[in-house]
Structures are given as structure tokens and as C-alpha cells.
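Keep in mind the model is a prediction, meaning the values are calculated, not measured.
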Amino acid sequence: MNFALYFYAARGRTGHALGNREFLTYLSIVAGSTVLLTAILYASDAGGSPLTAFREASFQSASLATGTAFSTAAWSSWGPFAQIFLMLLMAIGPCAGSTGGGLKVIRAVLLARHAWQEVFRILHPQAVTPLKLGNRVIPERMRGAFLGFFFVYVALLIFGTLLVALHGVPVGAAFGSVFACLNITGTALGPAGDPAFYAALPGSAKALLTFFMLLGRLELFTVLVLLTPAFWRG
């Protein structure tokens, strides 16, 4: 969760902290993931008893949504739907202002609302539809900021995959390694979830992935701004 919410709670404003819209959405995502994965595991007999399925689903949902990447089960064998769903959970990540990586919940929510607004505007071209989060109207500059972040995020995933693939790494493993490093998840599907995979990479590939970890940790734009000549001239 956002570190600012800890500050509010420490100052006695617990209601303000627990009522934060992004935090509530984050808890809903983890809870929804737990329920869905529990049902999938129990239906496929991969999780054993309902209690075991719930324990494994809740632990993996919390672990991968926070980027800690601890495992109590081989989730890479849970079936394609569960695997892709957990990868999506890792891509979204935790709340803004936390130490986790990924897009962050607030950006994912705003991206979804922006996409729905575009559909609504096609049907109602004369409608005035400000982007809102709770009772707060999101400025247009902020809309451009999260759209720009999403574009850079996707572009870096693609570009990084191409660069790692140049080292002779299969496409799936190359994407998984860049995904794990850019989102600070520590794991991914396939070979990229095995530490031995990284040990076998050449030094240049390790340096490249280290750079992508730095990008993910510092929210992309912070590092990219440092690489622009205009920053150093200023």
C-alpha cells in the first residue's frame, strides 16, 4: 500500500487511510484473485481440499501482487488461465507510492476508465465526461501522464525482449526475463522463473536486465529523464 497511508494511520486518520480508493481496489483485486484461483484449483483437483486450494490461492495472489515472489506451490503448473491471470496480477502490481513494481493499481484503474470513456464518447460524441476517481476529477495533464507511462511500459517490454533475444535467448524466455525485471516481480512463467536461467546468461544480458530492474524500481520516467541531454544542460 501507499506509504502515505501509513503516515495518515500513524497520525490517527485511520479512516482516511482505510477508505483510500486505490487501497480498496487493491484489496478487491487480491480478494477476487483468491476466490477465482481457489475455484480453479479445486475444480481441477490441483489444489486438493477446498482449504488447501484457498491457502495456496491466497498466498500466491498476495505474493505475486506485492512482487515478493514467494511460492508455496508450483503455480506455473496451475493451467494456462491461472498462469496468465497471475501474470496480469504481477503486471498491475501494488499501490502507487509503495516499493513494488508494475503499472500500479491507480494507473490500471484510470486506464480502464479512460478506455470506457472513449467507448462512451463514440456513442455520445456531445457528452462531457470528466475522468474521475471517487469524487476527485483527474486533470487532463494527469490523463496524459498515465497514458504516456503505459505506452513507455509496453514499448520497453517489447524493446527489452528484442535486445535479450539478440543474445540467443528464446522469445518466451526473453519476454519473461524482461517482464520479471521491469515489474520487479522476481519471477515469471517458463525459464525466467528459475534462478539458474539468469546464471547462464552472458554478462551483457545480465547488465541489460539490471538496467530494466532499475527502470522498474524508479518508475521508468525518473531514469529516462536522467538519460536525456536536456536534463544535464539544465
Between S63 (side chain) and S71 (backbone), is there a donor-acceptor pair under 3.5 Å? no
Note: W75 and L64 closest approach over all heavy atoms is CE2-CD1, 4.1 Å
Heavy-atom side-chain proximity of W78 to L41 below 4.5 angstrom: yes
If we count only N and O atoms by modelled type, under 3.5 Å, do the side chains of Q117 and R143 hold a donor and an acceptor together? yes
Between A188 and F179, what is the shortest heavy-atom contact and its length? CB-CD2, 4.4 Å
Check whether any side-chain heavy atom of I40 lies under 4.5 Å from a side-chain heavy atom of L36, and answer yes or no. yes
Can you find a heavy atom in the side chain of S61 that is under 4.5 Å from one in the side chain of L89? yes
For a quick test of reading the model, state the closest non-hydrogen atom pair linking I184 to G101 and the distance between them. CG1-CA, 4.1 Å
Evaluation steps, side chain to side chain contact (heavy atoms under 4.5 Å, CB included), between L224 and V152: CA-CA 10 Å; L224 294 178; V152 172; 3.7 Å; yes
Heavy-atom count around R121 CZ within 6.0 Å, excluding the residue itself: above 12? yes
Main-chain N/O of A192 paired to Y198 side chain as donor or acceptor, under 3.5 Å: yes
Establish, yes or no, whether a centroid distance under 6.0 Å links the rings of Y6 and F3. yes
Between the main-chain N or O of A96 and the side-chain N or O of N2, is there a donor-acceptor pair closer than 3.5 Å? yes
same_hphob_cluster(L24, V109) at 4.5 Å side-chain heavy-atom cutoff: no
Spell out, as yes or no, whether a donor-acceptor pair under 3.5 Å connects the side chain of D194 to the backbone of F197. no
All ring pair (Phe, Tyr, Trp, His ring centres under 6.0 Å) counterparts of F221, not counting sequence neighbours: F149
For F212 against L156, the heavy-atom pair lying closest together: CE2-O, 3.5 Å
To the nearest 0.5 Å, tell me how far E118 CD sits from T129 OG1. 7.5 Å
Using a distance-only test with no angle check, is there a side-chain donor-acceptor pair under 3.5 angstrom linking S28 and T25? no
Can you tell me how far the NE2 atom of H124 sits from the CD1 atom of I122, to the nearest 0.5 Å? 11.0 Å
Apart from I84 itself, which Ile, Leu, Val, Met, Phe, Trp or Tyr residues share its cluster (side-chain heavy atoms under 4.5 Å, direct or through members)? none
Does M87 CE have over 12 foreign heavy atoms under 6.0 Å away? yes
Quick check on the hydrophobic clustering: are L227 and L163 connected, directly or via other members, by side-chain heavy-atom contacts under 4.5 Å? yes
Between V178 and M213, is there shared hydrophobic-cluster membership here, with clusters defined by ILVMFWY side-chain heavy atoms closer than 4.5 Å? no
Answer yes or no: is there a side-chain heavy-atom contact under 4.5 Å between F211 and V223? yes
Kindly check if the number of other-residue, nucleotide or ligand heavy atoms within 6.0 Å of CZ (F54) is above 12? no
Drop me the distance from M1's CE to T66's OG1, to the nearest 0.5 angstrom. 13.5 Å
With no hydrogens and no angle check, is any side-chain donor or acceptor of R113 less than 3.5 Å from a backbone partner on K132? yes
Test: K104 and E22 ion pair at under 4.0 Å: no
Side-chain contact test, heavy atoms from C-beta onward, threshold under 4.5 Å: evaluate it for L86 versus L37 and give yes or no. yes
Run the side chain to side chain donor-acceptor pair (under 3.5 Å) test against S177 and tell me which residues pass, sequence neighbours left out. none
Can you check whether A73's main-chain N or O pairs, donor with acceptor, with E56's side chain at less than 3.5 Å? no
Could you tell me whether the side chain of L220 reaches within less than 4.5 Å of the side chain of L182, counting heavy atoms only? yes
Distance-only side-chain donor-acceptor flag, T187 / T185, under 3.5 Å: no
Mind listing the closest non-hydrogen atom pair of A165 and A174 along with its distance? N-CB, 4.0 Å
Short side-chain donor-acceptor distance under 3.5 Å, Y153 and N183: yes
Find out whether V164 and L208 are in side-chain contact, i.e. whether some heavy atom of one side chain is under 4.5 Å from a heavy atom of the other. yes
Any link between L147 and F120 through a network of hydrophobic side chains (Ile, Leu, Val, Met, Phe, Trp, Tyr) touching at under 4.5 Å? no
According to a hydrophobic-cluster definition based on side-chain heavy atoms being under 4.5 Å apart (Ile, Leu, Val, Met, Phe, Trp, Tyr only), do W116 and I29 belong together? no
In Å, rounded to the nearest 0.5 Å, how long is the span from CG of L103 to CD1 of I92? 7.5 Å
Could you check whether any side-chain N or O of Q60 sits under 3.5 Å from a backbone N or O of T72, counting only pairs where one atom can act as donor and the other as acceptor? yes
Look at E219 together with R107 and state whether they make a salt bridge at an N to O cut-off of under 4.0 Å. yes
With a 4.5 Å heavy-atom cut-off, do F146 and H114 have their side chains touching? yes
Where the side chain of T210 meets the backbone of K206, is there a donor-acceptor pair that is under 3.5 Å apart? yes
Minimum heavy-atom distance between T34 and T38, given as atom pair plus value: O-OG1, 2.6 Å
